[in-house]
Amino acid sequence: MKKTNLELKEINKNEYIAQQESNLNQALEMGLSKDEFELICNKIQKIPNQTELGIFSAMFSEHCSYKSSKKWLKTLPTKAEHVIQGPGENAGVIDIGNDQAAVFKIESHNHPSFIEPYEGSATGVGGILRDVFTMGARPIALLNALRFGSINHPLTKHLVSGVVKGIGGYGNCIGIPTVGGETNFNKSYDGNILVNAMAVGLAKKDRIFYSAATGAGNPVIYVGAKTGRDGIHGATMASAEFTKSSSEKRPTVQVGDPFTGKLLLEACLELMQTDVVLSIQDMGAAGLTSSSVEMASKGGLGMHLNLDLVPTREEEMTSYEIMLSESQERMLMILKPGSEEAAKLIFNKWDLDFANIGKVTNTGRLILDKNGFEACNIPINPLVEDAPEYNRPYEIFQDKKIVKSDYFKSNQTLNDILIKMFKNPNIASKKWIWEQYDSSVMGDTILCNGKSDAAIVKIHGTETKNTLGKGIAMTTDCTPRYVKSDPITGGMQAVCEAARNIVASGARPLAITNNLNFGNPEKISVMGEIVGSIKGISQAALTLNTPIVSGNVSLYNETNGQGILPTPVIGMVGIIDEVENSLGISAENNNTLIILGQNEDFIEGWLGCSLYQEIVTDDFDGAPPPINLNAEKKIIDMMLTLNDNNLLTGAHDISDGGLLTAICEMLFENNLGLNVNLPKALLSSKTKDHLTHSWCFGENQGRIIISTNKTDEVVSLLKKYLIDYFILGSTNTTSNLNLSNVDTISISELNSINEATIPSIMD
Amino acid sequence: MRAAVAIFPGSNCDRDMIVALKKITGKSPLKLWHKDTEAPNLDLIVIPGGFSFGDYLRCGALAARSPIIKNIKNHISRGGALLGVCNGFQILIEANILPGSLVRNKKLLFTCRETTLEVQNSLQSPFLSSFNTGDYLNIPVAHNEGNYIANTELLKELENDGRIAFKYKQNSEIETDYNPNGSLHDIAGILSKNGRVLGMMPHPERSINSLHGGTDGLKFLTKSIEEIVG
Amino acid sequence: MKVIVNISLKEGVLDPEGQAIDNTLRNLGFNNFNNIRTGKQIILNIDKVNDNEVLKEADKMCQELLVNTVIENYHINIIKDK
Amino acid sequence: MKVIVNISLKEGVLDPEGQAIDNTLRNLGFNNFNNIRTGKQIILNIDKVNDNEVLKEADKMCQELLVNTVIENYHINIIKDK
Ligand SMILES: Nc1ncnc2c1ncn2[C@@H]1O[C@H](COP(=O)(O)OP(=O)(O)O)[C@@H](O)[C@H]1O
Ligand SMILES: [Mg+2]
């Protein structure tokens with residue numbers, strides 16, 4: 001084989017310097033720094049050629065190397081008895097009993113979705129699904145956490161419409177129900193929307209597939225769609241800030257093909273029924289580069305591939321293009337030698353390409369041949385182990401200012417505020433969005449979109465005589481306002497709210513996947529947001545015994561120096577033993593509503609950093625409501641006890657918009673009314689009193705409203721476990737929310753507003 | 001009961017339909033692959049929902065050119081019963097087994113939700129003979145192209161011959177979007193001339209569970225199968 | 001030879017996509033237009049010796065697959081290779 | 001004046017629809033073809049005095065709505081009224 005690049009020892013110093021300079025420029029264009037370039041030259045003992053540089057730049061990109069966050073990700077709690085696989089694989093795996101495992105992960109596709117909302121979000125869904133089925137799991141549910149700019153921003157409508165169509169376009173077609181998620185609007189996302197997609201799958205506990213390559217000499221197999229010039233250097237793009245000129249640099253975006261995705265899913269799962277797959281890895285960000293490098297490096301081995309054998313869609317693709325293409329719907333596998341023919345038959349049945357493109361080696365090197373030349377020959381270790389890890393300076397800014405309720409000189413009635421709440425797209429019903437998602441395909445969806453705080457999907461095949469079976473509960477959550485004002489509290493809050501959502505649906509929280517979306521980590525304050533929220537997430541996850549098993553980091557979400565609100569999205573998964581016990585948010589007639597985590601003495605609610613503040617003053621500031629982790633744990637355990645005793649008919653946690661907003665949401669579905677039993681101190685208050693407003697709209701944490709028709713039994717348990725509680729009253733059919741003499745509110749009117757807000761913007 | 005479910009690349013409600021049929025008959029239906037040209041004598045073939053061939057070109061168009069279609073046509077000429085659900089309905093139309101066209105939903109949005117269907121039973125059809133005209137069923141839809149269109153003559157013919165099986169039902173006078181896709185005459189499903197082929201957009205197999213989607217789909221499928229077996 | 005098949009909805013068949021584009025264009029401030037219709041194009045190369053054969057082959061493709069003749073019209077253009 | 005906007009995917013952008021049609025055509029026994037790509041057409045009338053203005057208006061429509069210029073190319077044809 002002819003060498004195409006210069007080995008250090010073969011050339012003299014001048015030549016070396018000249019060559020190095022020209023390649024350094026190339027390296028800088030690819031997003032590497034000068035230091036990184038020099039490190040590479042040293043480690044591989046030669047000047048890298050274009051293909052090799054491309055491979056390094058992809059592997060060293062923020063997206064693949066986690067260079068800014070790695071130091072801190074390591075501090076996340078990742079272990080528990082029920083964890084089978086923590087971070088480091090394509091997805092996390094937890095034990096859910098009956099020899100079954102739940103496999104799940106969340107991933108961002110923020111930048112591509114801004115450039116091309118339909119394809120960007122569609123390929124985001126496709127990518128996260130591959131992460132899950134690559135591990136041998138059949139995906140059973142999808143969720144998505146979306147953040148858009150101000151609803152008045154000229155691009156927002158177009159982005160919402162495209163992203164929602166794209167998510168549905170992929171999920172609906174591949175036939176996996178989209179059962180939950182969240183959508184928020186804030187001007188900080190005007191130039192950087194967030195599209196985080198989460199997938200949950202189901203596998204047999206002893207049939208999990210991993211990515212570490214095994215056995216020198218074993219065949220390396222490429223399957224799926226052909227490689228084209230799609231999204232070359234997407235991983236680097238995902239790690240760069242948007243500027244005015246980036247519209248020109250836009251590489252071709254990837255186009256997803258959910259149909260091929262479906263074929264790939266079925267073909268892979270069919271092959272995995274046999275015992276021939278030794279390791280498997282999807283081609284996600286940085287395509288063939290990161291898949292081959294990660295497989296080899298995890299196995300402590302090397303790989304020798306012939307790029308002429310890679311199925312391509314376009315003519316004359318260079319080795320650089322083949323290695324960096326981000327064409328979708330592709331996988332790399334190591335098979336048992338001798339099994340290739342049988343495996344090929346399966347892929348042919350599904351009309352997919354199947355190519356034996358090389359071998360695993362024990363050289364520890366990545367060697368690539370193209371057109372009879374050696375296009376790349378580099379050691380694998382430096383690509384992974386020497387990838388930079390920065391200890392970036394940071395400062396955790398915590399706003400300590402306490403905004404008291406008398407700060408709000410309100411001249412509005414409770415009804416005025418509620419109307420504003422439900423006219424706000426952050427609170428209003430997202431039905432316009434979720435109706436575009438197929439939520440019932442696969443026939444196992446029990447609760448989804450809007451019906452409950454967490455979605456519940458039945459575990460197929462666990463039906464017995466007594467029950468329809470077990471269910472998996474899942475939710476995504478984050479309140480960026482809180483994280484901005486206090487990253488530590490905000491991080492804790494995201495975990496606690498997710499856990500509350502899970503228990504409010506009747507399930508037990510088990511584990512977390514997280515998507516850390518932030519601005520530019522080179523800014524001390526942004527780095528502080530990252531570190532702070534990781535600290536908060538860690539503390540809460542430890543207390544609740546919900547370890548982090550997978551995740552994703554998306555940095556540089558900035559446009560022209562304007563960063564997004566820090567948005568560490570928590571995806572949480574839980575389990576419910578009998579789906580009959582799952583809980584929705586809607587109350588029935590003659591139910592008693594009781595708040596857990598609040599008592600008669602609670603009068604002044606926390607309005608600092610609340611949605612109320614944002615609605616009344618158009619901004620927010622001050623400390624977010626504090627989190628008491630032990631209290632949260634107590635409420636969560638209490639919920640499980642109450643539900644185990646079959647005492648509940650529904651539940652809803654109190655979050656954005658506070659108590660009154662939550663009550664309305666519980667009454668909407670059945671168009672009910674409630675005479676609210678106000679605490680004595682408020683009985684003679686007025687509808688415009690700031691104290692009343694704080695009680696109604698404060699966002700104090702650790703609270704869940706339950707509905708029950710067994711009030712006495714509930715109360716005696718609450719007393720026994722020393723839980724603060726407050727009985728709100730009993731639902732009736734008047735469709736009026738009465739707060740003694742303070743105010744009367746029409747639930748049906750509010751619900752019409754609630755339903756109309758988003759369609760009136762989008763249609 | 002000898003039943004089979006026909007599967008195309010991109011079908012995605014095949015498992016759901018198999019679960020439903022098994023729940024009713026106690027045994028798993030046969031699976032037919034789109035390339036199969038041979039099939040045993042069957043009482044019922046179901047073409048399930050999904051995105052056969054990715055919905056590319058026109059929904060159902062590519063599937064309607066699969067080898068199995070000949071087989072399915074033989075089945076109906078022998079008097080076998082045939083049910084096409086959602087994409088299955090689209091395939092039956094593209095294969096010229098049922099008349100008319102299914103085009104993009106009026107709002108141009110995929111729509112997944114509950115609908116109420118009003119049964120129209122005037123033709124002797126095994127799918128409907130256990131129901132009376134005016135009975136209604138709550139069954140969900142989930143589709144992008146369920147907007148049934150036909151020219152005036154065809155519509156008249158369908159109405160006159162009692163070949164409209166289901167119409168989306170308006171639950172209250174104020175309800176304006178009870179028809180999820182804008183289909184003419186609120187048509188949700190139609191029958192062949194002899195009543196033994198039914199194409200419908202709503203998914204009965206997603207309504208077999210009291211906890212989610214209700215059990216009207218189960219009722220419909222159970223009665224249909226009882227009638228088909230005779 | 002390069003063949004372009006233009007497929008459009010028959011006159012009288014509702015074109016909801018065209019309608020939606022119409023509305024959006026008007027919302028964007030375009031007003032001097034009317035009669036918007038949408039169509040599809042399928043472009044392919046056919047290896048045949050003469051135009052007539054190419055046309056025949058393309059027409060067969062349209063009849064057998066590409067066009068739903070119940071609601072669609074089509075028109076085939078042949079572009080000569082240079 | 002009648003304006004026809006032809007919209008096609010940029011060179012190199014995956015065209016899964018074209019691919020699926022390709023397969024089915026082959027299964028139906030068509031073999032003498034290759035390079036299948038799909039595109040869209042939008043046809044409308046624009047009321048303007050001269051070609052140039054019509055072209056300008058149509059181009060603006062393409063840029064603002066009709067075309068996804070990230071992945072699509074377009075071409076505008078003007079057909080004179082008779
Ligand atoms: N915020 C995080 N918390 C925990 N684990 C993380 C986080 N971000 C990434 N990881 C883990 O790092 C690994 C690489 O993730 P990623 O680069 O997103 O994979 P992919 O190649 O599928 O894009 C995965 O195992 C993932 O779970
Ligand atoms: Mg992966």
Side-chain angles (χ1 to χ4, degrees), chain A residues 138 161 164-165 167-178 257-263 265-267 349-352 431-449 451 456-458 460-461 463 467-469 471 578-582 584 752 759 762-763, chain B residues 7-20 22-23 33-35 48-57 59 62-63 86-87 105-115 139-145 174 177 180 202-214 217-218:
Chain A
R138 177 171 287 279
S161 147
V164 170
K165 275 210 175 84
I167 289 173
Y170 207 102
N172 300 348
C173 180
I174 198 168
I176 298 170
T178 300
D257 178 7
F259 171 56
T260 302
K262 167 77 175 166
L263 303 182
L265 161 71
E266 296 302 335
K349 168 182 156 196
W350 292 99
D351 296 324
L352 293 167
K431 184 165 157 201
W432 184 90
I433 294 175
W434 77 61
E435 273 196 352
Q436 295 185 55
Y437 301 147
D438 191 334
S439 51
S440 51
V441 63
M442 293 185 88
D444 290 323
T445 307
I446 301 292
L447 286 168
C448 62
N449 305 321
K451 295 212 179 80
I456 294 202
V457 172
K458 180 160 69 84
H460 204 73
E463 246 177 282
T467 163
L468 279 174
E578 298 185 354
V579 289
E580 287 80 355
N581 288 343
S582 35
S752 317
M762 296 304 302
D763 278 343
Chain B
I7 303 171
F8 299 85
S11 294
N12 64 29
C13 305
D14 43 329
R15 186 186 79 169
D16 310 359
M17 187 55 81
I18 289 169
V19 168
K22 188 169 174 201
K23 189 166 180 155
W33 184 234
H34 70 119
K35 288 182 181 158
F51 285 66
S52 60
F53 295 92
D55 266 4
Y56 293 130
L57 189 61
C59 302
L62 304 183
C86 197
N87 186 233
N105 294 352
K106 199 164 161 201
K107 280 197 175 168
L108 300 174
L109 299 176
F110 185 97
T111 302
C112 173
R113 60 165 149 115
E114 273 300 320
T115 58
I139 297 183
V141 294
H143 60 248
N144 221 339
E145 320 217 336
I174 49 161
D177 66 345
H203 286 273
E205 80 285 4
R206 296 191 193 183
S207 163
I208 61 166
N209 161 351
S210 54
L211 286 181
H212 183 72
L218 186 68

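Lettering follows sequence order; numbering is per chain, from 1. Quick caveat: nothing in here was measured; it's all calculated off a predicted structure.
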(request) Kindly determine whether A:Val441 and B:Cys13 satisfy side chain to side chain contact (heavy atoms under 4.5 Å, CB included), including the steps that lead there. (result) CA-CA 7 Å; A:Val441 63; B:Cys13 305; 4.2 Å; yes

(message) Please classify the contact of A:Ile174 with chain B as side chain, backbone, both or neither, using a heavy-atom distance under 4.5 Å.
(response) backbone

(request) Under 4.5 Å, counting heavy-atom pairs only, tell me which of A:Cys173, A:Ser582, A:Gly443 racks up the most with chain B. (result) A:Cys173

(request) Enter the distance from B:Ser52:OG to A:Phe259:CZ here, rounded to the nearest 0.5 Å. (result) 8.0 Å

(request) State, to 0.1 Å, how close A:Ser440 and B:Arg206 come at their nearest heavy-atom pair, and which atoms those are. (result) OG-NH1, 3.0 Å

(request) Check whether A:Lys165 gets within reach of chain B through its side chain, its backbone, both or neither, counting any heavy atom under 4.5 Å. (result) side chain

(request) Inspect the surroundings of NZ in B:Lys23 and state if more than 12 heavy atoms from other residues, nucleotides or ligands are less than 6.0 Å away. (result) yes

(request) Below 4.5 Å from any heavy atom of chain B, which atoms of A:Ile446 appear? Answer side chain, backbone, both or neither. (result) both

(request) For the pair A:Asp444 and B:Arg15, find out whether any cationic side-chain nitrogen is under 4.0 Å from an anionic carboxylate oxygen. (result) yes

(request) Please round to the nearest 0.5 Å and tell me the distance separating atom NZ of A:Lys451 and atom NE2 of B:His212. (result) 5.0 Å

(request) State whether the number of non-hydrogen atoms from other residues, nucleotides or ligands found under 6.0 Å of B:Lys107 atom NZ is greater than 12. (result) no

(request) Apply side chain to side chain contact (heavy atoms under 4.5 Å, CB included) to B:Leu211 and A:Glu580, showing your working. (result) CA-CA 7 Å; B:Leu211 286 181; A:Glu580 287 80 355; 4.2 Å; yes

(message) Heavy-atom pairs under 4.5 Å with chain A - which of B:Pro140, B:Ala142, B:Cys112 has more of them than the others?
(response) B:Cys112

(message) Taking NZ in B:Lys22 as the centre, count heavy atoms belonging to other residues, nucleotides or ligands within less than 6.0 Å. Is the count above 12?
(response) no

(request) Examine whether an atom of B:Ser11 lies under 4.5 Å from a heavy atom of chain A, and if so say whether it belongs to the side chain, the backbone or both; otherwise answer neither. (result) backbone

(request) Below 4.5 Å from any heavy atom of chain B, which atoms of A:Val579 appear? Answer side chain, backbone, both or neither. (result) both

(request) Identify which part of B:Leu108 has an atom lying under 4.5 Å from any heavy atom of chain A, answering side chain, backbone, both or neither. (result) backbone

(message) With rounding to the nearest 0.5 angstrom, report the CG to CZ distance, A:Asp438 to B:Arg113.
(response) 14.0 Å

(request) Quick one: sort the B:Trp33 and A:Trp350 rings into parallel, tilted or perpendicular, breaks at 30° and 60°. (result) perpendicular

(request) Tell me, with the steps shown, if B:Tyr56 and A:Asp257 meet side chain to side chain contact (heavy atoms under 4.5 Å, CB included). (result) CA-CA 10 Å; B:Tyr56 293 130; A:Asp257 178 7; 2.6 Å; yes

(request) Answer yes or no: is there a donor N or O on one side and an acceptor on the other, between the side chain of B:Asn12 and the main chain of A:Asn172, under 3.5 Å? (result) yes

(message) For the CD atom of A:Glu435 and the OG1 atom of B:Thr111, what is their distance to the nearest 0.5 Å?
(response) 6.5 Å

(message) Could you measure the distance from the CD atom of A:Glu266 to the CD1 atom of B:Ile7? Nearest 0.5 Å is fine.
(response) 9.0 Å

